[in-house]
Amino acid sequence: MNQLFDYTDTRDDFKLFFSFDFYQTGDINTHASLYTQFADRPSYLRYGDDNLPVVSSYSGGGIGVDAWRNFKTANNVYLIPNPEADGNYYSAPATFFENWGDVVDGVFSWETNWPDVADSPGANVTSTRDEAVKNAADAAGKTYIMGM
């Protein structure tokens, strides 16, 4: 990580940010300790009206809204996690954004990258679930990013 940030600090055209992998470890404190080592680097991506450091995740809904709120408050970040484990994320996206309120500045969705269920290679990938979440994010005034 030091080499990546050292190099990127010398450039004006490239930024880095952390997307915590909660399949790797579900402990937000482990991720937070890594984040704090690099958040003040010139090459760390900042976004939003307050130019806050961006933090995302791969999965992470299972840790819950309170853990994310605590992390966001403690670290003052522009938070765009992938909390798909929250039951409302895909089934009732508008309710998801109502429940998470100001805890999230947006979401980072990964679903379009692979089929939901497939018995064989080459199954068609659909963006239907992502489109529903994006529409709810737009309506809530939140950022939406879709992994590709």
Side-chain angles (χ1 to χ4, degrees), residues 1 4-5 8 11-36 38-39 41-148:
M1 294 307 307
L4 288 171
F5 276 95
T8 309
R11 304 183 57 100
D12 292 329
D13 61 344
F14 195 81
K15 301 290 181 185
L16 301 169
F17 71 97
F18 285 106
S19 186
F20 302 153
D21 184 348
F22 282 98
Y23 281 110
Q24 188 270 332
T25 178
D27 181 3
I28 196 166
N29 294 318
T30 299
H31 297 293
S33 65
L34 179 64
Y35 160 79
T36 57
F38 297 95
R41 299 288 294 258
S43 58
Y44 199 94
L45 178 66
R46 294 176 164 276
Y47 189 76
D49 294 339
D50 295 325
N51 201 37
L52 297 175
V54 172
V55 171
S56 178
S57 72
Y58 181 75
S59 187
I63 66 168
V65 69
D66 291 334
W68 279 117
R69 179 180 288 110
N70 293 340
F71 174 82
K72 182 176 181 176
T73 300
N75 295 285
N76 197 28
V77 298
Y78 191 88
L79 184 60
I80 50 172
N82 175 231
E84 65 182 17
D86 181 293
N88 289 319
Y89 188 72
Y90 289 117
S91 65
T95 301
F96 166 82
F97 284 106
E98 287 173 22
N99 293 343
W100 285 65
D102 63 354
V103 174
V104 295
D105 297 296
V107 292
F108 196 121
S109 192
W110 291 95
E111 250 349 274
T112 298
N113 293 306
W114 47 82
D116 206 14
V117 176
D119 293 327
S120 63
N124 290 332
V125 176
T126 177
S127 62
T128 302
R129 291 180 0 153
D130 287 297
E131 289 171 18
V133 175
K134 183 192 182 313
N135 291 338
D138 290 347
K142 304 292 183 177
T143 298
Y144 179 84
I145 297 175
M146 180 170 44
M148 296 300 276

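Inter-residue side-chain proximity for Y90 and E84 is flagged as met; some heavy-atom pair is nearer than 4.5 Å. Side-chain contact between P81 and W68 is present, with at least one heavy-atom pair separated by less than 4.5 Å. Side-chain contact between F18 and M1 is present, with at least one heavy-atom pair separated by less than 4.5 Å. F20 places none of its side-chain heavy atoms less than 4.5 Å from the side chain of S56. Within the 4.5 Å cutoff, side-chain heavy atoms of Y89 are placed close to those of N82. For the pair V107 and F97, the minimum side-chain heavy-atom distance is below 4.5 Å.
For the pair S33 (side chain) and T30 (backbone), a donor-acceptor distance under 3.5 Å is present. With hydrogens and angles ignored, the 3.5 Å screen pairs a side-chain donor or acceptor of K142 with a backbone N or O of V104. Between the side chain of N88 and the backbone N or O of T95 there is no donor-acceptor pair closer than 3.5 Å.
Counting all heavy atoms, side chain and backbone alike, V54 lies closest to F17 at O-CB, 3.6 Å. The two residues H31 and D27 make their nearest non-hydrogen contact at CD2-O, 3.3 Å. Nearest approach of A94 to A136, heavy atoms of both residues: N-CB, 3.7 Å. Across all non-hydrogen atoms, the minimal contact from I28 to F71 is CD1-CB, 3.6 Å. Closest approach of A39 and R46 over heavy atoms only: O-NH2, 3.7 Å.
A salt bridge links K72 with D105; the closest basic N to acidic carboxylate O contact falls under 4.0 Å.
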Would you please test T36 and N75 for side chain to side chain contact (heavy atoms under 4.5 Å, CB included) and show each step? CA-CA 8 Å; T36 57; N75 295 285; 3.6 Å; yes
Show your working on side chain to side chain donor-acceptor pair (under 3.5 Å) between S109 and D130 and close with a plain yes or no. CA-CA 7 Å; S109 192; D130 287 297; 2.5 Å; yes
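A 6.0 Å sphere centred on CG of N51 holds more than 12 heavy atoms belonging to other residues, nucleotides or ligands.
L52 contributes atom CG, which lies 10.5 Å from atom CG of L79 (distance to the nearest 0.5 angstrom). Distance check, rounded to the nearest 0.5 Å: OG of S91 to CZ of F96 gives 11.0 Å. Note that NZ of K134 is 10.0 Å distant from OG1 of T143, once rounded to the nearest 0.5 Å. Within the model, atoms CD1 of I63 and CG of D86 stand 11.5 Å from one another, a figure rounded to the nearest 0.5 Å. Rounded to the nearest 0.5 angstrom, I80 CD1 and S57 OG are separated by 9.0 Å. In this structure, CG on N29 lies 14.5 Å from OH on Y35, to the nearest 0.5 angstrom.
At least one cation-pi condition fails for R41 and F5: the charged atom is not both under 6.0 angstrom from the six-membered ring centre and inside a 45 degree cone around its axis.
Ring centroids of F38 and Y44 are separated by 6.0 Å or more, keeping the two rings apart.
With sequence neighbours excluded, the residues forming a side chain to side chain contact (heavy atoms under 4.5 Å, CB included) with T8 are F14, L16, S43, listed by chain and number.
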